[in-house]
There are 2 protein chains.
Amino acid sequence: MSNSTPATIEDVARIAEVSIATVSRAIHMPEKVANSTRLKVNQAIAITGYTTNAMARSLRLGRSNMILVVAPDIGDPNFSNILVGLENEARAHGYGILIGHTQNDAQRGLEYLKFLNSNQAAGLILFTGILPFGHQTMTARLPPSVGVFEPVFNGGIPYVGVDDTEGARKAVDLLLAEGHRKIAFIGDSRTRLAYTRRRMGYDAGLDAAGIPPDTRIVLEGDGTIESGRHAVEQLFMRDTLPTAFMCVNDQTAIGVMVGLGARGYDIPRDFSVTGFDDVPQAVFISPPLTTIRQPRTAIGKQAMALLLELLSDGRPTETEILLRPDLVVRNSVSAPSRNWSKR
Amino acid sequence: MSNSTPATIEDVARIAEVSIATVSRAIHMPEKVANSTRLKVNQAIAITGYTTNAMARSLRLGRSNMILVVAPDIGDPNFSNILVGLENEARAHGYGILIGHTQNDAQRGLEYLKFLNSNQAAGLILFTGILPFGHQTMTARLPPSVGVFEPVFNGGIPYVGVDDTEGARKAVDLLLAEGHRKIAFIGDSRTRLAYTRRRMGYDAGLDAAGIPPDTRIVLEGDGTIESGRHAVEQLFMRDTLPTAFMCVNDQTAIGVMVGLGARGYDIPRDFSVTGFDDVPQAVFISPPLTTIRQPRTAIGKQAMALLLELLSDGRPTETEILLRPDLVVRNSVSAPSRNWSKR
DNA sequence: ACGCCTTATGTAAACCTTTACATACATCGT
DNA sequence: ACGATGTATGTAAAGGTTTACATAAGGCGT
């Protein structure tokens, strides 16, 4: 029973007094085997504690029961909850997940290519917007894949994310409702689609409020804390100060708050700030950040569900799933101060 | 070249005009094959883009190249950096890692047992102090395993962590050096060894300073934010206030700070607070938390290195590796205020 | 009673590798 | 010149599973 080497299908077959084919069928196509035999097999399985050897099975089937999840940074606060969603859904369907992080290093990406080529993963979940591996040639060989947050590189791969435009719209609308008219957008970027879309929401909100766009207060950024801080400095140097900072993500917002704090300003009294993502820190920084929440667990679940569908059907039913983002009101937004609204 | 089905060892053998055995040897025991043939084989590999099929290899070898990492909570801020260390070290030796989180649910743990039984993981890294699976019977069948942070359940498994006693000692010594004499210990627990050891460091520090222990200001806790908050309430109700709170971890410290803030006190003016772990939030909360840094990447690296050693040797060289924790001074500690030091 | 269809089970090949063993050949010491 | 030793390569088995195909048996219509 508690043998050193695990039981094989043959052990089960011997005890149940059937052939190994029957055992395999009893497990995977129960309706194809007589009730009485199925019972014998099940008993034998219980006795031996048999578990299918996944290696042999994958080898035979030519496909594994593992899904590779590639992310640029596992430590990213956005990542872990997505993972929960991914994992729960995967396991519910008999798949396991394998995690790799590229650390934005192309070399790393290549190593994961090996996994794929050696059939260790049946499917792929891509977090980066850019395919981590040697682009064009590889695409053909990629297993069924799903992107998270953003469509991947050269398309053809469905993805699930949040409706960035709508989320940004909610943020800008809140700011407008509070009475802000000079609202900066921090973190503009043409390379990341999610950021581009958030910019679109910002533009749309301003437009709907009849406020003409002012590119002097739209600053570029790469979503890091440093980029937020830098943007604040630029605005002060150019003397084109807004009353509110709508940031492309929470990290940027934190940078903005740090920059503003370093110059002695109080938030939200002197300036309002909004973020995007609702990372765990958002609630701990001071003041707690008003931001847009990503339904992370749901995103993970949906992404995996889509991938599993691809794995069985082979054909994606939809090419893009956008979830609804929610506004989370905390304490970093208020009406514009008298001082600044004069400008 | 860019065939639909990946190249096998036979394709390589045919092109290189050798037998498959030679190809295998050229890859895994290069010194056993003549230079000229090795060259031919390498060229053939380059042409075909061959990668060893991990399934077949694992099946043949009877062991996989995957390491299962089981953690109670992937979202734990302590987790991700450890993972980086684990993963880097693993990949450097040709292993991949597989992540599972039990969410403190025994049922979940059982599902991972299947992975192990089906030979999908060659080794195991355990984050929980408690073996996640049906305890006694299973231990025999466990693959080589290493614990992180704490020894696992019933021992026999080496572990790597931080020297909790020393870390706690550094925190209490800082507080003492600032002049504190009434230092509370928040988060005492007999079930988690790491916490018990931190308590030991606290006791030792007090003892060395000639301060008699005062159990009225040693409160239990489970390391959650809520537990820290609760402890503060208790101390106020009992009217046994300390001048400083030494917390068993950062979460508890955050809870303490929240509780103190809710009562209108300023940190560090009215009370000093220290944490343990140096989670990413520690720098963002206000005031930034003075705490003990866990060398997380190093812990991960060491744990994996130990496991790999186990996998080759089969015998652990050491049963416990304790890394040195560092004090990180931020802004939550100052000399005791005049008001409170009068007590 | 016979052929035919259906249902339940068994046999054996295939998936791709690694490696013990066998073979072939070259080198060396005598 | 010959046996011994060593080196380089090939042959074939084994690892655990799934499944196409073969077989066997039972039921049914005529």
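All chains are named by letter (A, B, ...) in the order of the sequence lines, taking the proteins before the strands, and each is independently numbered beginning at 1.
Using a cut-off of 4.0 Å between Lys/Arg side-chain N and Asp/Glu carboxylate O, Glu17(A) and Lys40(A) are scored as not salt-bridged.
Ranking dT11(C), dT17(D), dC16(C) by closeness to the Ala56(A) side chain, first place goes to dT17(D). When distances run from any side-chain atom of Leu59(B) to the nucleotides dT19(D), dG15(D), dT19(C), the shortest one goes to dG15(D). Among the nucleotides dT19(D), dG10(D), dT18(C), the one closest to the side chain of Ala21(A) is dT19(D). For Thr22(B), the side-chain atoms get nearest to dT9(D) when compared with the rest of dC16(C), dT17(D), dT9(D). Of all nucleotides listed (dA8(D), dT11(D), dT19(C)), dA8(D) comes nearest to the side chain of Ala34(B). Nearest nucleotide to the side chain of Val18(B), out of dG10(D), dT19(C), dC16(C): dG10(D).
Residue Glu320(A) qualifies as enclosed at atom CD: its count of foreign heavy atoms under 6.0 Å is above 12.
For the contact set between residues 8-15 of chain B and DNA chain C, defined by any heavy atom under 4.0 Å, the members are Thr8(B), Ile9(B).
Residue Arg25(A) places a side-chain atom within donor-acceptor reach of the base of dG10(C), judged by atom type and a 3.5 Å distance cut-off alone.
Heavy-atom distances to DNA chain C give each of Lys32(A) and Asn53(B) a nearest nucleotide, and the one nearer the 5′ end belongs to Lys32(A). Each of Glu17(B) and Met29(A) was matched to the nucleotide of DNA chain D holding its nearest heavy atom; the match closer to the 5' end belongs to Glu17(B).
Taking CE of Met66(A) as the reference point, atom OH of Tyr95(A) lies at 10.5 Å (rounded to 0.5 Å). Of the inter-residue distances, the one linking Ile125(A) atom CD1 with Leu98(A) atom CG reads 12.0 Å to the nearest 0.5 angstrom.
Ser58(A) is linked by a side chain to side chain donor-acceptor pair (under 3.5 Å) to nothing, counting only residues two or more places apart in sequence or in another chain.
Not a single donor-acceptor pair under 3.5 Å links the side chain of Ser24(A) to the backbone N or O of Ala21(A).
Contacts of Ser58(B) with the nucleic acid, taken as non-hydrogen atoms under 4.0 Å apart, are absent. Among the atoms of the strands shown, only primed sugar atoms or phosphate atoms (P, OP1, OP2) are found under 4.0 Å from some heavy atom of Leu61(B).
For Tyr159(A) and Phe149(A), the ring centers are positioned 6.0 Å apart or more.
Following rounding to the nearest Å, Arg38(B) (CZ) and dT7(D) (P) show an atom-to-atom distance of 15 Å.
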